[in-house]
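Step one of this worksheet: look at the structure below.
Computation of the quantities below employed the complete heavy-atom set of this structure, encompassing side-chain atoms and omitting hydrogens, waters and symmetry-equivalent molecules. This one's a predicted model, so the numbers in the text were calculated from it and none came from an experiment. Just so we're on the same page: letters track the sequence lines, and every chain starts at 1.
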Amino acid sequence: MDIDEDDEDDIVITKRKRTSNGTAAGSKRAKKVKEEPKSARVPKTPKTPKSAAVSKAPKTPKTPKTPKTPKAAKTPSDKVKEETPKEETPDDMGYKWWEAEENDGEQKWETLDHNGVIFPPEYEPLPLHVKLFYNGKPVNLPKEAEEVAGFFGAMLETEHAKNPVFQANFFADFLQVLKECGGCGVEIKEFSKCDFTKMYAHFELLREEKKNMTKDEKKRLKAEKEAFEEPYKTCLLNGRKELVGNFRIEPPGLFRGRGAHPKTGKLKRRVPPESVTLNLGQGAKIPDPPPGHQWGEIRHDNTVTWLAMWKENIADSFKYVRFAASSSIKGQSDFKKFETARNLRNHIEEIRKDYTKLLKSDIMQNRQMATATYLIDIFALRAGGEKGDDEADTVGCCSLRYEHITLKPPNKVIFDFLGKDSIRFYQEVEVDHQVFKNLRIFKKDPKQPGDDLFDRITPSLLNRQFQNYMKGLTAKVFRTYNASKTMQDQIDLIPNEGTVAEKVVKFNAANRTVAILCNHQRTVSRTHNTSVQKINDKLKELIWNKIRLKKMILELEPKLKKKDPKYFNELDDLSKEDEAHIHKIIIERQKEQAFKKLQRDNEKLKAEKMPLLSEDSIKEKLEKIDELKEEYALELKTGKPEIKKSTTVEKLKQQIETIANRISTTTFQLKDKEDNSEVSLGTSKMNYIDPRLTVMFSKKFDVPIEKLFTKTLREKFKWAIESTDADWRF
DNA sequence: CAGCGTACTTAGCACGTACTTT
DNA sequence: AAAGTACGTGCTAAGTACGCTG
């Protein structure tokens, strides 16, 4: 049917045209055949969106409170400020920036000293007997080319190595390197004639050897590594010791792009010191470059926070060596991030009111702006900047295309697209009516698959609008805000009762709501299905056992069935087949156990040089098991389990009770496992949930923080742990 | 403004290790 | 004690954001 064809809301003035490549840019993707996303995960069960207008945030004065540093105690901060560059005790890592004066501005540091970076070890040629085979014959590769071939050889059994794009990119770069170093005497032309299996086997062997090293060897190696890394692990920032994050230059290898990345498999080249730029304080000692080398450049830029940088050859972008997450610099910016997000609560009401109005704007650009804001706010979409043809085809809000949404009147929208990291975003939701109408307009006639839905706006345009409401407000802040707000709301729903373990489970459930909001996924572990199957089997067996015990009760006192029919109404829940299957499993397991025990005993005897036991020794056991088997068979026929003489109804009821408990805990565990199998909690805990919420929960609910934050997270969020109390609110 | 360069946050995966279970 | 599983961390890819330039 023709809904609202005459609705005047649908008439939008198209004021400004997007200049250069309005449609051209859109349709370049159109040609692309939409391959089934490789990482496509099973769509989640449909969700209903939270309604847009449920903000409880009070409409408060618009003057943004400048983020106050989270002062544990607002004490002698002036004092701290006075004694700035003192160089007597540069060793304390316990600097509490959150107790000092805040530092806002362009300049990021006063002095910076560090020892440079660690380079990966030189390539060591393979032993002479390990070769690449071409056309069935071993090839003598120059070491530069051998290294590259080895990269592929080591990955032979991975999914990457089966990917044609990966193969092609690798092969092209391999041939290039081979050419650069003068060839190998044999004309290598076809990838399919290359045989890496000998190389693979060699690497497997090395792995095996490494695994089989004795404990002491491993320990020694680890200690050596520690000692070597020691100087690089820390640096001096304003005279204070701080941890460095990634102090190693990335080793060469084959680029492992995520999703359908056009450049996956390309050679990531070795980074020479000559292409590394160091950033140090003026007058700081310049670390020695590796012997025979020079640093590319030395800078003294105190407006940035990186210690070293190099250009990478895949996307031609920069890689940085930075401070660790627990450093004061990162901590401060993390704190600022959460304060900005928190500040959004003072503006969100107005923002929502405005975009709701603008959804009906006469100006197309405004309508797109309002609609995009709605999607970012309600569904936590990312901004969605433009991407090139040489990157994986993934999208966010502003880069959504025609084919990414399906409209189902009256107001249902199905999102289906690949987001960051080629993670599938699939949601069937109901949206505001005007949003629905707008989306329909954005898909209207000349538009076709491949075209941008939002063809008149960009993330920077959006962000510029956001700044009008609040300093520092950008699209990504909405994700942080909504994530933390959701967490606060979820925590508010948790009753303060039960054991610590129970409270942790509740906390994780709240955490999970946030992770789902942000679409944080993980691949289900390889072993997931089997382990679920195992738990299910266990569960079935428990249920069978329970039913069986109830049947026994009825055998003892048949009239109980009438008295309490509910208690006995599950008696026919298991089919004969299921029952037989369970019998089989039990029998097999018992036999297996008997044999295993025999083996164990024999090993012991062997060690003591005693005569071994033969299989006859467990004959008796096996006979007993066979008896049981027959008993079960009979039981299956009659439906009446055999009863021990000493049994009473009371005892049976007691046993049933125990089993019922086990069933409920196991069921719960199973559900938890399933619910969590493809949701990743870590990302939201680390990046989106204001850590002060977690600390507040810990204190208010009396759950040790160790149960909520790992050691690294405790270090990263030390500022929150030391400055938050039980009644803190986001 | 587009388009690029730069700098910073966010993200999942691989792998080693710690912890449980059998 | 071995095997299986869950957890924690390191690694590095993939985003966002923003200023500058022509």
Side-chain angles (χ1 to χ4, degrees), chain A residues 16 18-21 25 39 108 155 158-160 207 210-211 218 222 245-251 253 255-259 261 263-264 268 277 279 301 303-306 309 311-312 314-320 322-325 329-330 333-334 336-337 382-388 391-392 394-399 418-423 458-464 466-467 472-477 479-480 483 515 518-523 525-528 530-531 534 589 592-593 596-597 599-600 603-604 673 676 678 680-684 686-688 709-713 715:
Chain A
R16 274 192 266 169
R18 210 194 214 185
T19 40
S20 54
N21 53 358
S39 61
K108 304 285 175 47
M155 294 173 72
T158 66
E159 284 303 304
H160 288 296
R207 270 167 65 102
K210 200 174 157 199
K211 217 170 84 188
K218 281 183 189 167
K222 201 176 163 188
N246 54 327
F247 43 80
R248 345 179 56 97
I249 299 288
E250 289 174 19
F255 173 67
R256 297 148 113 106
R258 315 234 171 105
H261 199 300
K263 292 193 171 179
T264 195
K268 239 174 71 163
T277 300
N279 193 29
D301 184 352
T303 67
V304 294
T305 64
W306 50 268
M309 165 189 109
K311 191 107 171 235
E312 148 272 353
I314 300 292
D316 211 30
S317 62
F318 293 126
K319 299 265 186 169
Y320 298 90
R322 315 170 161 286
F323 290 97
I329 278 210
K330 290 272 197 172
S333 87
D334 219 25
K336 218 155 125 196
K337 174 186 82 182
R382 296 187 181 85
E386 210 185 333
K387 295 192 71 186
E391 297 172 273
T394 62
V395 300
C397 184
C398 292
S399 48
L418 297 185
K420 182 177 177 181
D421 291 306
S422 292
I423 296 295
T458 62
S460 59
L461 224 51
L462 261 183
N463 287 339
R464 216 149 335 145
F466 291 150
Q467 316 274 336
L473 183 58
T474 62
K476 79 196 270 283
V477 176
R479 265 168 86 79
T480 317
C518 296
N519 199 39
H520 292 143
Q521 302 188 18
R522 58 175 184 171
T523 44
S525 77
R526 202 170 27 82
T527 52
H528 177 74
T530 29
S531 70
K534 255 188 203 162
R589 186 177 56 215
E592 206 175 302
Q593 277 172 352
K596 267 199 181 149
K597 168 121 182 18
Q599 258 179 17
R600 267 204 312 273
E603 257 158 51
K604 237 187 238 164
K673 199 183 170 84
N676 264 337
E678 49 188 24
S680 160
L681 302 189
T683 307
S684 51
M686 180 159 69
N687 299 306
Y688 288 100
F709 281 151
T710 63
K711 184 162 132 294
T712 5
L713 280 186
E715 273 151 22

Looking at [atom1] of [X] and [atom2] of [Y], how far apart are the two atoms once the value is rounded to the nearest 0.5 Å?
| X | Y | atom1 | atom2 | answer |
| --- | --- | --- | --- | --- |
| A:E715 | A:T712 | CD | OG1 | 6.5 Å |
| A:I423 | A:R522 | CD1 | CZ | 12.0 Å |
| A:E391 | A:R258 | CD | CZ | 14.0 Å |
| A:T683 | A:D421 | OG1 | CG | 9.0 Å |
| A:K420 | A:C518 | NZ | SG | 11.5 Å |
| A:Q467 | A:T474 | CD | OG1 | 7.0 Å |

Over how many whole Å does the gap from [X] atom [atom1] to [N] atom [atom2] extend?
| X | N | atom1 | atom2 | answer |
| --- | --- | --- | --- | --- |
| A:F323 | B:dA7 | CZ | C1' | 14 Å |
| A:F318 | B:dG5 | CZ | P | 8 Å |
| A:E312 | B:dT6 | CD | C1' | 14 Å |
| A:K319 | C:dC11 | NZ | C1' | 9 Å |
| A:R522 | C:dC7 | CZ | P | 8 Å |
| A:F247 | C:dC11 | CZ | C1' | 12 Å |
| A:I314 | C:dT12 | CD1 | C1' | 12 Å |
| A:L681 | B:dA11 | CG | C1' | 14 Å |

- Item | Per A:T683 side chain, nearest of listed nucleotides C:dA13, B:dA7, B:dA11 | B:dA11
Looking at every strand, decide which applies to [X] at a 4.0 Å heavy-atom threshold: base, sugar-phosphate, or nothing.
| X | result |
| --- | --- |
| A:S317 | nothing |
| A:R479 | sugar-phosphate |
| A:M309 | sugar-phosphate |
| A:K268 | sugar-phosphate |

- Message: Taking the nucleotide of DNA chain B with the nearest heavy atom to each, does A:D301 or A:K210 sit closer to the 5' end?
- Response: A:D301
- Between A:W306 and A:L461, which is nearer to the 5' end of DNA chain B once each is assigned its nearest nucleotide?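 Whichever sits nearer the 5' end wins; that is A:L461.
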- Note on the structure: Looking only at heavy atoms, the pair that brings A:A392 and A:S422 closest together is CB-OG, 4.1 Å
- Query: How close do A:A383 and A:P459 get, heavy atom to heavy atom, and via which atoms?
  - Reply: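 It is CB-CB, 4.0 Å.
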Side-chain N or O of [X] closer than 4.0 Å to phosphate OP1/OP2 of [N]:
| X | N | answer |
| --- | --- | --- |
| A:Y688 | B:dA11 | yes |
| A:K337 | B:dT10 | yes |
| A:K108 | B:dA7 | no |
| A:S333 | B:dT9 | yes |
| A:S680 | B:dA11 | no |

- Item | NZ (A:K210) with more than 12 external heavy atoms under 6.0 Å |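 12 or below, so no.
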Interface polar pairs with nucleotides 8-10 of chain C, N/O, under 3.5 angstrom:
{"from": "C:dT9", "atom 1": "OP1", "to": "A:T712", "atom 2": "OG1", "distance (Å)": "3.1"}
{"from": "C:dT9", "atom 1": "OP2", "to": "A:T710", "atom 2": "OG1", "distance (Å)": "2.9"}
{"from": "C:dT9", "atom 1": "OP2", "to": "A:T712", "atom 2": "OG1", "distance (Å)": "2.2"}
{"from": "C:dT9", "atom 1": "O5'", "to": "A:T712", "atom 2": "OG1", "distance (Å)": "3.3"}

- Note on the structure: Counting primed atoms, P, OP1 and OP2 as sugar-phosphate and everything else as base, the B/S/- map of nucleotides 14-22 of chain C against protein heavy atoms under 4.0 Å is BSSSS----
- Message: Students often mix this up, so state it plainly: with edges at 30° and 60°, are the rings of A:W306 and A:Y320 parallel, tilted or perpendicular?
- Response: tilted
